[in-house]
Structure formats: C-alpha cells, structure tokens
Amino acid sequence: MALEKIIKLSRAAGIKSPKLAKNGIGPKYMQKGMKKLIQLFYPLRCPVCDRIVRASGEKICTQCLGRLRLLTPPWCMKCGKKVVGSAEYCADCTRKSHDYVRGRALYEYEGAALSIYRFKYGGRQEYAEFFGEQTVEFLGDFIRDIAPDALIPVPLHRKRKNARGYNQAELLAREIGERLGIPVETGFLLRKKNTAPLKYENPEERQNNLKRAFNIGQNDVKLKKVILVDDIYTTGSTMDEAARTMRAAGVKDVYFITLACGAGV
C-alpha cells in the first residue's frame, strides 16, 4: 500500500500523520500508528467471549474481565497447581520427581480452557498480546526473580506448525520477552518427533509418547538458566522431557510458566 494511502486512512481513523525522521518515517511512531490502523480494519476480539472488543484500546470486554480466574495460593511449590489446605506439594508432585526446578501457571484451567483452545487451534493469534500482558502483570515477579538467560517456547514439530501456521507458545513467549527485556530463543530446542496428541492419553502414555521428542538445535548458544513457555501444564511430561533434553546439553536450571494448569489432584 502506498504511503500516501496509509496516511490518508490513518487520518480518517483519527491517527495523526507519521512524523518523518531524517531517513524516513520514525520507526516507533510508525509502528504504533500502523498498529492502530490494522486494528481499525481487523478489530481485536475478546479472548473470553471472542466478540469484537468495542472499547477503543482495550483487549478484553469489560463484562468478561472476571471470567478468567487467576490461579491464587495455596499452590504446589513445584508445579504451581492449586492445592487444598496446608500441603506444600500436590499429589502429582508427591508421587513423582520432575526434571525442572519449579513452575507457575497464570489461570485456573476451567475458566481459561475455551479461550486457550481458540488461541491454540482457532487462529486467534491476537490473544497473545493480552495473555502476555497478564503474564507479566501477575507472574512478572516470579520471572524476574529467576533472572533467566532466555525464554524457550515449547516447540511444535515443523509439520504441525506448518499446518497450524504458528506456535502459540512462541507468540506468548515473544510478548513476555518484549515486555521484560528477556531474549526468546526459538531455535535452541526443537521437536524432532511428531508426537500424537497428548490430551486423551494417561500419564504413562504421555511419558512414552514424549521420549526423545526433542533435541538441541543450537549447540553454540550457551544458556544456564531458562524458562520454558507453554499454554497448558497437565501431568508435566512435556516439561520434563524438554528439561531433560536441555539439561543434557548443559543448561543448569529449567523453570516453566504456562497460561493454565489443572487441579493438583
């Protein structure tokens, strides 16, 4: 689209004309203006109800604000699942050890499941910005305290990523990394095995399915402390296998964050 047309459309939308730098348009100003312009023609959808957000500049409907339930204490000191009473660890983490150090989730699974499903399978890539903001707001201190060398999105196999068109974990990691100034390494951990869908498998089947599912794609990148980023934590099989692979490659400490996790039964 020609610059004159962009500016004309921007003015019609109430966006001031981009200021010009010595060598052209100021990149930050133009990026902000273009973002507003894109939202004019492709309005953001609420991550809860999936309707177009009417309030300008908002990413979620006012009436939907309370429907995504934050995961609040008490939570498992290992995986972050909700626990009952004074227990430090959920039953899952009491029964088995994990290859990661610790993890946290943002939401309770029941309230966020449909939203995450659309984000993951329904092409709603625009949800990433809202989820990234929420993650930084409520899990930012946890992430800062870890002080990771990088965020590592849990990778998809190339066939699945090509079919879907994107990796939702990568979109989320980029939003978080941009806000906290943390590098996002998308080529460090690769998925070499196109595993069957895990959601219908029991813990033992998940573990077997994920054996040797990952490998290291960048041996020249030296990382000692990382945070894995994914959408949902269930049994921990994916996080364990990914952590095991990275630790074998020299990573000392592996943590994780996810959008949601189930109850710590």
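Along the sequence shown, residues are numbered consecutively beginning with 1. Just so you know, these numbers use all the heavy atoms, side chains as well, and skip hydrogens, waters and symmetry mates.
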Output side-chain donor-acceptor pairs under 3.5 Å for residues 138-156, partner residues at least two apart or in another chain, one line each.
| from | atom 1 | to | atom 2 | distance (Å) |
| --- | --- | --- | --- | --- |
| D141 | OD1 | R144 | NH1 | 3.2 |
| R144 | NH1 | G140 | O | 3.4 |
| D149 | OD2 | K224 | N | 2.9 |
| D149 | OD2 | K225 | N | 3.0 |

TODO: Run the numbers on K82 and T72 for side chain to side chain donor-acceptor pair (under 3.5 Å), then give the verdict.
DONE: CA-CA 8 Å; K82 191 87 172 176; T72 56; 3.0 Å; yes
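Every residue meeting the side chain to side chain contact (heavy atoms under 4.5 Å, CB included) condition with A249, not counting sequence neighbours, appears here in chain and number order: I216. When the salt bridge (charged side-chain N to carboxylate O under 4.0 Å, His left out) test is applied to R67, no partner is found at least two apart in sequence or on another chain. Scored by the side-chain hydrogen bond (donor to acceptor under 3.5 Å, both in side chains) test, D231 finds K120, Q168 as partners (sequence neighbours excluded). With sequence neighbours excluded, the residues forming a side-chain hydrogen bond (donor to acceptor under 3.5 Å, both in side chains) with D50 are R124, Y127, listed by chain and number. Residues forming a side chain to side chain contact (heavy atoms under 4.5 Å, CB included) with K222 (at least two apart in sequence, or on another chain): none. Contacts of E185 classified as side-chain hydrogen bond (donor to acceptor under 3.5 Å, both in side chains), with partners at least two apart in sequence or in another chain: none. For R69, the side-chain hydrogen bond (donor to acceptor under 3.5 Å, both in side chains) partners are E108, not counting sequence neighbours.
Exactly one of T258, L68, L259 qualifies for a side-chain contact (heavy atoms from CB on, under 4.5 Å) with I116. That residue is L259.
Listed by first and then second residue, the salt bridge (Lys or Arg N to Asp or Glu O under 4.0 Å) pairs that reach into residues 252-262 come to none, sequence neighbours excluded. Sorted by first and then second residue, the ring pair (Phe, Tyr, Trp, His ring centres under 6.0 Å) pairs with a member in residues 215-234 read Y233-F256; sequence neighbours excluded. Judged as a ring pair (Phe, Tyr, Trp, His ring centres under 6.0 Å), the pairs with a partner in residues 71-98 (not counting sequence neighbours) are, in order, H98-Y100. For the ring pair (Phe, Tyr, Trp, His ring centres under 6.0 Å) condition, no pair includes a residue of residues 168-195, sequence neighbours left out.
The local environment of CZ in R247 is sparse, with at most 12 non-hydrogen atoms from other residues, nucleotides or ligands closer than 6.0 Å.
Although no hydrogens or angles enter the test, the distance criterion places no donor-acceptor pair under 3.5 Å between the side chain of R191 and the main chain of A213.
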